[in-house]
Amino acid sequence: MPELPEVETVARALRDGTPAGAPALVGHVICSAEVLWPRELGNLTPRVFSRRISGTRVQSIGRYGKYLLIGLERPAVEDGNERLTLLIHLKMSGRLDVVPRTQAFTPHARLVWLLDDDLALRFDDARKFGRVWLVGDPAAVIGNLGPDALDVPLGAFTSRLRARRGMLKPVLLDQTFLAGIGNIYADEALHLARLHPRRTVTSLSDADVVRLHDAIQHVLLAGIAANGASFDWVYPGGNFQENFKVYGRTGRPCQTCGEPIQRILVAQRGTHFCPACQPLIG
DNA sequence: GGGCATGTTAGCAC
DNA sequence: TGTGCTAACATGCC
């Protein structure tokens with residue numbers, strides 16, 4: 001379920017709990033970890049991972065782009081407390097839930113952390129693309145990402161964009177350009193900005209760049225306000241999919257002009273746009 | 001059974 | 001060096 005708004009929704013649930021009654025993760029002690037699919041560990045063996053994380057307390061929940069950052073602290077008798085960060089990327093199908101320890105496993109459970117108070121943090125991931133790292137410095141994992149897509153002023157956005165060439169949509173999907181935009185929100189932002197996904201970056205006017213920056217902020221914030229989008233069988237959660245203007249609407253009328261939405265391939269990704277609202281020649 | 005899927009990366013060509 | 005293509009990761013739904 002993973003683009004920036006969906007990951008932000010997960011982060012908020014882990015920070016505050018959910019209206020449905022799921023407990024918050026912050027403040028709990030991690031007693032132990034069980035790795036059911038070792039390939040999802042990005043930098044440690046299951047044995048080392050379990051040993052290093054056991055006994056830490058969850059201090060904070062953050063998000064950078066599509067990554068979750070869980071701040072951990074281990075009380076120390078001498079020196080300062082040891083600080084660690086658990087980074088999680090949900091990739092295509094990952095999900096995280098705080099549940100009672102006794103709750104039955106799903107068929108797709110990949111990692112389980114046992115918490116105090118008879119709770120557990122579960123990482124389920126049907127497609128096994130998800131990744132989990134435990135590090136001292138998060139930069140070791142996310143240091144090469146561009147600025148978070150919701151935390152980039154127009155000036156920085158413009159200068160970064162003007163340094164690039166090639167087609168617009170692949171640039172938006174490049175996490176070293178901006179972190180957090182995925183296939184769905186890229187299509188939605190381009191439609192709102194009235195820009196064809198195959199427009200070259202170098203062809204954009206200053207006004208185009210301003211509209212694009214505004215559109216990115218708008219669709220991401222709208223996605224967060226809707227608790228993200230729910231995708232097929234993988235993730236039931238938010239309802240932003242009801243507000244999609246182009247994604248998944250191939251052949252249906254554009255809500256702005258009535259023209260049928262088209263689907264093409266751009267950088268090998270399914271791409272949805274309105275040929276009338278988003279002409280290739282701007 | 002083929003085609004598709006919210007994501008990223010390595011390897012390769014130009 | 002940057003851009004962009006393919007395959008790979010692995011599974012499940014239509």
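Convention: sequence-line order gives letters A, B, ...; per-chain numbering from 1.
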> In residues 171-195 of chain A, which ones come under 4.0 Å of DNA chain C, going by heavy atoms?
Replying inline: none
>> Distance alone, cut at 3.5 Å: any donor-acceptor contact between the side chains of A/D125 and A/H108?
In response: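 Short answer, no.
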> Of the options A/D117, A/D118, A/L119, which is the one that meets A/L115 in a side-chain contact (heavy atoms from CB on, under 4.5 Å)?
Replying inline: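 Of the listed residues A/D117, A/D118, A/L119, the side-chain contact (heavy atoms from CB on, under 4.5 Å) partner of A/L115 is A/L119.
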>> Tell me which one of A/H213, A/R199, A/R194 satisfies side-chain contact (heavy atoms from CB on, under 4.5 Å) with A/D208.
In response: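 Single pass found, and it is A/R199.
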Could you give the [atom1]-to-[atom2] distance, from [X] to [N], as a whole number of Å?
X      : N     : atom1 : atom2 : value
A/D125 : B/dG7 : CG    : C1'   : 11 Å
A/H272 : B/dA5 : NE2   : P     : 7 Å
A/R198 : C/dG4 : CZ    : P     : 12 Å

Mind listing the N/O atom pairs, protein and nucleotides 9-14 of chain B, below 3.5 Å?
none

> Parallel, tilted or perpendicular: which describes the rings of A/Y185 and A/F244, with under 30° parallel and over 60° perpendicular?
Replying inline: perpendicular
Does [Y] offer a backbone N or O that forms a donor-acceptor pair with the side chain of [X] under 3.5 Å?
X      : Y      : result
A/E34  : A/V112 : no
A/R211 : A/A193 : yes
A/T85  : A/I70  : no

>> Show every side-chain hydrogen bond (donor to acceptor under 3.5 Å, both in side chains) that has at least one partner inside residues 48-59 of chain A, sequence neighbours left out.
In response: none
> Are the ring of A/F129 and the base ring of C/dC9 both nearer than 5.5 Å at their centres and tilted by less than 30°?
Replying inline: yes
> Using a cut-off of 4.0 Å on non-hydrogen atoms, how would the nucleic acid contact of A/R110 be classed: base, sugar-phosphate, or nothing?
Replying inline: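 It contacts nothing in the nucleic acid.
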>> Using the P atom as the point on both nucleotides, what is the distance between B/dT8 and C/dT1, in whole Å?
In response: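 One P to the other, the span is 24 Å.
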If you check every side-chain atom of [X], which of [options] has the closest atom?
X      : options              : value
A/R269 : C/dC5, C/dA10, B/dT8 : B/dT8
A/K66  : C/dT11, B/dT8, B/dC4 : B/dT8
A/R39  : C/dC9, B/dG7, B/dA5  : C/dC9
A/M92  : C/dC5, C/dT11, B/dG7 : B/dG7
A/M167 : C/dT11, B/dG7, C/dG4 : C/dG4
A/R165 : C/dG4, B/dT8, C/dT3  : C/dT3

Any side-chain N or O of [X] under 4.0 Å from OP1/OP2 of [N]?
X      : N      : value
A/Q268 : C/dT6  : yes
A/R127 : C/dC13 : no
A/K128 : C/dC9  : no

>> Under 4.0 Å between a side-chain nitrogen and a carboxylate oxygen: does that hold for A/E40 and A/R131?
In response: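 Salt bridge absent between A/E40 and A/R131.
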